[in-house]
Amino acid sequence: MQNVAILGATGSIGKSTLGVLELYPDKFRLYAVTAHSRVKELAEIAKRFNVSLAVTSDPSKLEALKEALAAIGCNARAEAGAEAVARLAASPEVDIVVGAIVGAAGIVSTFRAAEAGKKLLLANKESVVCGGKLLMDTVKRCGATLMPVDSEHNAIFQCLVGETERSREKARIILTASGGPFRTRKDLSDVTIEEATHHPNWSMGRKITVDSATLMNKGLEVIEARWLFDFPPERIAVVVHTQSIIHAMVEYEDGVVIAQMGAPDMKNTIAYSLAYPDRFTAGVTPLKFSQIKTLTFEDPDLNRFPQLGYAYEALKMGGSASIVLNAANEIGVEAFLEGRIGFTDIAVLCRSMMYGFQPPAPTTLEEILETDRQARELARAWADGYSEHRRDKN
Ligand code: NDP
Ligand code: MG
C-alpha cells in the first residue's frame, strides 16, 4: 500500500487522478489533498477518500476549510499556506506526490518532493520550464523518480523505454499539437474569453486551455521535453495533429518512428505513471480504429501563433528566458481572462518581456523564485498600462 498526496486535487488533473485511485483502493491510499480556493470541494474529496490531511494554499481560507470539513463530519486535519503544501510534498508519510497545481505556484512543492526523493507524478509543466536543469539535477541527486504526466511527455517516455543512450542521442522527439480552437481562423484579434476557454479535444483547467489556444502550451512543452529527456531543441519538433490520437512520437536514426496512441483522457497517463514499469487499466474506453478513419498532420503556423516560436527562442537565449516567458504568459493569460487585454496581446507581452528583461541563469531555487517574482511584477505593470491604454482608446 502506497500513500499518495495530490497537490491541486480540485483541478482537472486532480480529479482524473482521483478517478484512477478509486479503481485501486488495495494499492494506493490517498493520504492528503490540497487546493487553493475551492475549500468546500476539497472537504468533499477529503471525506470521500477518508484522507488524513487537507491543505488550502490560501492562508485566508483556513477557517472556511475547517468549517467545510466539520459540516460534513470529516475528521481530516486542516492546514493552510504555501509552506504547508511544500511540507506535505516532503512528508515522510507520503510515497507518491502528484504535482497538479497550475502555474509557477507549483515550483516549490515540485522541488521539495524531488529533494525528499519521492516518486513524483508531475503534471505541473511550469515547474519543469522554470526549474530546468536545476530541477533535473535535484531529481537525480536526491534519488527521486519523476514520471511525466503531461500526455505528450508521458508518450515520449513510453516511446523511449528500452532504447540505449546511443540510440537516444540520435533520436528526434515529435510533439503533436491539436492546433487548438483557432487553427484555421485568420483573424485572432477579436477572440473572446468564451471562445478561448473551449478546447476541441481535451477538457482541462482554464489556464492551460488558453495556452492551448495560443500554442504557448506547446511551447512550454518543447521546453519541458528539453529538460525531461535532455534533448537539445534542434531535436524537438512539433506537428499539428488535430485528432489528438497520437500523443507524441520518437523518430530513430534508422528512420523508424514510434508513436504512442490512446484516447485523449489524462487518466491514461496517470495510470501509466502509477503502474510503471507495470500497466493496469485506467478505466478509459479504448480507441476504436474503425471509427477514427483518418490521422492528419501539418506544420504549425508560427505567424499566427508566435508563442510557440518564443519557446524555442527562450531555449536559445538561455539565462532565465524561460522563467520570464512563463511568468509573462501567466500574467498575460490572467489579464486576458479578466478582460483587460486582448487575446493577441498575450504574445505581445511575452515578446516584450523576453527581450526587455534578461536576468542571468538561476543557480538556486530561491533565484528561480526571485526571477519569477520580478518578471511577474514587470508583466503586471505592462498589462495594467496596456489595459488603461485600451480603455482610453475605446
Ligand atoms: P486546474 O485549474 O483545473 O486546477 C489547478 C489546481 O491547482 C486546483 O486544485 C487549484 O485549486 C490549485 N491552485 C490554483 N492556484 C493555486 C495556487 N496559487 N497555489 C496552490 N494551488 C493552486 O488546472 P489543471 O488540472 O488543468 O492543470 C494543472 C497542471 O497540469 C498545469 O500545470 C497544467 O499545465 C498541467 N496539465 C494539465 C492537463 C489537463 O488535462 N488538465 C494536461 C497536461 C498538463 P482551486 O481549485 O482551489 O483553485
Ligand atoms: Mg500536454
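By convention here, the first residue in the shown sequence is residue 1. Numbering of ligands and ligand atoms starts at 1, following listing order.
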Judged by heavy atoms only, the candidate from Met266, Lys15, Lys40, Glu126 nearest atom 32 (O) of ligand 1 is Glu126
Ser37 heavy atoms within 4.0 Å reach ligand 1 at atoms 45 (P), 47 (O), 48 (O)
- Message: For Asp372, is there an ion pair with Arg376 - N to carboxylate O distance below 4.0 angstrom?
- Response: yes
The single option from Leu220, Ile107, Leu325 that satisfies side-chain contact (heavy atoms from CB on, under 4.5 Å) with Val129 is Leu220
Would Thr296 and Gln243 count as having a side-chain donor-acceptor pair, cut-off 3.5 Å? yes
key: Distance-only donor-acceptor check, side chains Asp265 and Ser16, under 3.5 Å   = no
**Polar contact flag for Ile13 and ligand 1 (N/O pairs, less than 3.5 Å)** = yes
Here the vertex angle at the Mg ion (ligand 2) for OE2 of Glu221 and OE1 of Glu152, given to 10°, is 100°
Q. Would you find more than 12 non-hydrogen atoms of other residues, nucleotides or ligands less than 6.0 Å from Asn75 atom CG?
A. no
Quick note on ligand 1: atoms under 4.0 Å from a heavy atom of Ala9 include exactly 9 (O)
Arg340 and Asp345 ion-paired at < 4.0 Å
no
- Got a salt bridge between Lys133 and Asp137, using NZ or NE/NH1/NH2 to carboxylate O under 4.0 Å? yes
Near Ala100 (heavy-atom distance under 4.0 Å), the atoms of ligand 1 are 5 (C), 6 (C), 7 (O), 28 (C)
Restricting Asp150 to its N/O/S atoms, the closest one to the Mg ion (ligand 2) is OD1
Contact region, Ser57 to ligand 1, non-hydrogen atoms below 4.0 Å, reads side chain
Looking at Glu334 and Lys207, is any side-chain nitrogen of the basic one under 4.0 Å from a carboxylate oxygen of the acidic one?
no
Answer yes if the side chains of Thr176 and His247 hold a donor-acceptor pair under 3.5 Å, and no otherwise.
no
Among non-hydrogen protein atoms, atom 41 (N) of ligand 1 lies closest to Ser12 OG, 3.1 Å
Between Arg206 and ligand 1, does any nitrogen or oxygen pair lie at a separation below 3.5 Å?
-> no
With heavy atoms and a 4.0 Å threshold, my read on which part of Thr10 contacts ligand 1 is both
* Asked: Would a 4.5 Å heavy-atom cut-off, applied to side chains only, mark Val324 and Pro359 as touching?
  -> yes
Among Ile6, Ile101, Ile208, closest by heavy atom to atom 31 (C) of ligand 1 is Ile101
For atom 5 (C) of ligand 1, the closest protein heavy atom turns out to be Val102 CG1, 3.7 Å
Counting from 1 in the order shown, the ligand 1 atoms closer than 4.0 Å to a non-hydrogen atom of Ala123 are 30 (O), 32 (O), 35 (C), 36 (N), 44 (C)
_Does ligand 1 come near enough to Asp150 that some N or O of the ligand is less than 3.5 Å from an N or O of the residue?_
no
Lys125 heavy atoms within 4.0 Å reach ligand 1 at atoms 32 (O), 34 (O), 44 (C)
Glu79 bridged to Arg87 by N-O distance under 4.0 Å = yes
### Message
Does ligand 1 come near enough to His36 that some N or O of the ligand is less than 3.5 Å from an N or O of the residue?
### Response
yes
Of Ala105, Gly205, Gly14, the residue with the heavy atom nearest atom 26 (O) of ligand 1 is Gly205
Closest to atom 4 (O) of ligand 1 among protein heavy atoms sits Gly11 CA, 3.1 Å
Rounded to the nearest 0.5 angstrom, the CZ-CZ distance for Arg183 and Arg304 is 9.0 Å
Logged contact type for Ala82 with ligand 1, heavy-atom cut-off 4.0 Å, is neither
Nitrogen or oxygen atoms of Arg38 and ligand 1 under 3.5 Å apart:
yes
Note to self: Whether Arg185 engages the ring of Phe182 as a cation-pi pair (distance to the six-membered ring centre under 6.0 angstrom, angle to the ring normal within 45°) should be assessed.
What the structure shows: yes
